[in-house]
Undergrad: 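Structure provided below as structure tokens; questions to follow.
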Amino acid sequence: MKTVLIRQAFRRAVLVTTLMLATVTLVACAAPQVPPTESLNMAREAITNAEQADARRYAGAELEEANRHLEAADKAVAAEKMAEADRLAKQARVAAELAVARTGAAKAAAINREMGRGTDALDEEMRRQGEQQ
Amino acid sequence: MNPQSLFKPGLGKKTGAALILSSVLLTGCAMSPTSPEGSESVRAKLTELQQNPNMATHARVELRDAEAAVELAERPVASGEAALAAHRIYMADRSVEIARAKGQIRLLESERALLGEQRDAARLAARTQEADRAHADAASARSAQAQAAALSGREAEELQRQIDLLEAEATERGLVLTLGDVLFATGSAEIQGGTNQNLEKLANFLRQYPDRQVLIEGHTDNVGSALFNQRLSLQRAESVKTFLINRGTDSRRLSVSGYGFERPVASNNTATGRQQNRRVEVVIENRE
């Protein structure tokens, strides 16, 4: 008796879960009508990070691209194209992250170049002083 | 209670239908069977990075993220979803580029340890040599004043005129000419404008007195790290040296040093003080 009851409850649970899954999928396919606030916030944060890392100097094009995407995302929100806005915001974020990464790479390369140059200068100076003696 | 009995009877017609419906819906987002156009090139870029051993070690996490992004971009999309495909390809492409840049950063950082060792070795050798020279220098410095006094009257007069022209200061170390920071742009070691009156005068002076050794010393203010300033001051001194060599001074007469902010001539607490500290001093040694 008890087993039958449990079996029925289980079946119902499976049915409900499956239907919910189907609903979720349907909703996921359809365009959401709420502004993608989280994506937009993350994009803004990433752009701020890039600016603070001095990306304007080292990766200006990437930063510019991020700003362009963010602007387009804001426009899409205004036009109530929320799915598009979400994508654009995510593109803005990833572009800003690339700006940060390229800035880091450019700075790291500059430091290594200077370190190499310093060593060369010392070697050269030594060679010259050796000649003078 | 028998747990197996829960599964035995199957899931029933209703449940089966619902499952089929949900899987149809799930694949509904991705009906078309081929990967979107453009995903191949992103995959190719990623594969290239993955096969580069430097990148594989230095950007492991980023490459994994990029792999996930590329896999998503390769997933087929429904015919009306070209924008989604383009979006995924964009995201994948930038993820790959981020992995590349991060890998480069870490590779450069790992090379830095080696560069540091090389520089320390060079510096140590330079110091050793400097110490050896110090004895000889001390002896020659003592006789320098006497030698200066031994210049004939006419020679001394001409020299004084040249010194005045140069606006140099006669000190124990020799004639000291201070080139102000207007010579360089902030953070840069390149001489601005190409020509500079003071430098031209200096080059003329050195042509007329070819037996004098010259020390070129770079100094900075205390903005930024000691290491950065030391390097910058050395590079600025080097720039002045290059300028003089280009104006015909024998490079063997010219020595350069970068002192960073170790030897300020004014307080670093005011803008004027800092400006005075950013300078290159040219010491024209007394004739030996």
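Naming convention: chains lettered A, B, ... in sequence-line order (proteins, then strands); numbering from 1 in each chain.
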Undergrad: Begin from the C-alpha positions of A:Lys90 and B:His87 and carry the test side chain to side chain contact (heavy atoms under 4.5 Å, CB included) through to its verdict.
TA: CA-CA 9 Å; A:Lys90 284 173 176 156; B:His87 165 70; 4.0 Å; yes
Undergrad: I'd like to know if B:Lys102 and A:Glu97 make a salt bridge, using a cut-off of under 4.0 Å between side-chain N and carboxylate O.
TA: no
Undergrad: Between A:Arg102 and B:Glu97, is the closest basic N to carboxylate O distance under 4.0 Å?
TA: yes
Undergrad: Please find the pair of heavy atoms, one from B:Ile98 and one from A:Val94, that lie closest to each other, and give the distance.
TA: CD1-O, 3.7 Å
Undergrad: When rounded to the nearest 0.5 angstrom, what distance separates CD in A:Glu114 from CG in B:Leu234?
TA: 10.5 Å
Undergrad: I'd like to check A:Ile111 versus B:Phe228 (side-chain heavy atoms, cut-off strictly below 4.5 Å). Are they in contact?
TA: no
Undergrad: Could you look at B:Glu62 and say if it's the side chain, the backbone, both or neither that has a heavy atom under 4.5 Å from chain A?
TA: neither
Undergrad: Which atoms of B:Arg231 are under 4.5 Å from chain A, going by heavy atoms: the side chain, the backbone, both sets, or neither?
TA: side chain
Undergrad: How far apart are the closest heavy atoms of A:Asn112 and B:Leu115, and which atoms are they?
TA: O-CD1, 3.5 Å
Undergrad: Scan A:Gln91, A:Glu65, A:Glu62 and name whichever one has a side chain to side chain contact (heavy atoms under 4.5 Å, CB included) with B:Arg94.
TA: A:Glu65
Undergrad: Which pair of non-hydrogen atoms, one from B:Leu108 and one from A:Ala105, has the smallest distance, and what is that distance?
TA: CD1-O, 3.7 Å
Undergrad: Around B:Arg60, counting heavy atoms of other residues, nucleotides and ligands shown, do more than 12 lie under 6.0 Å from its CZ?
TA: no
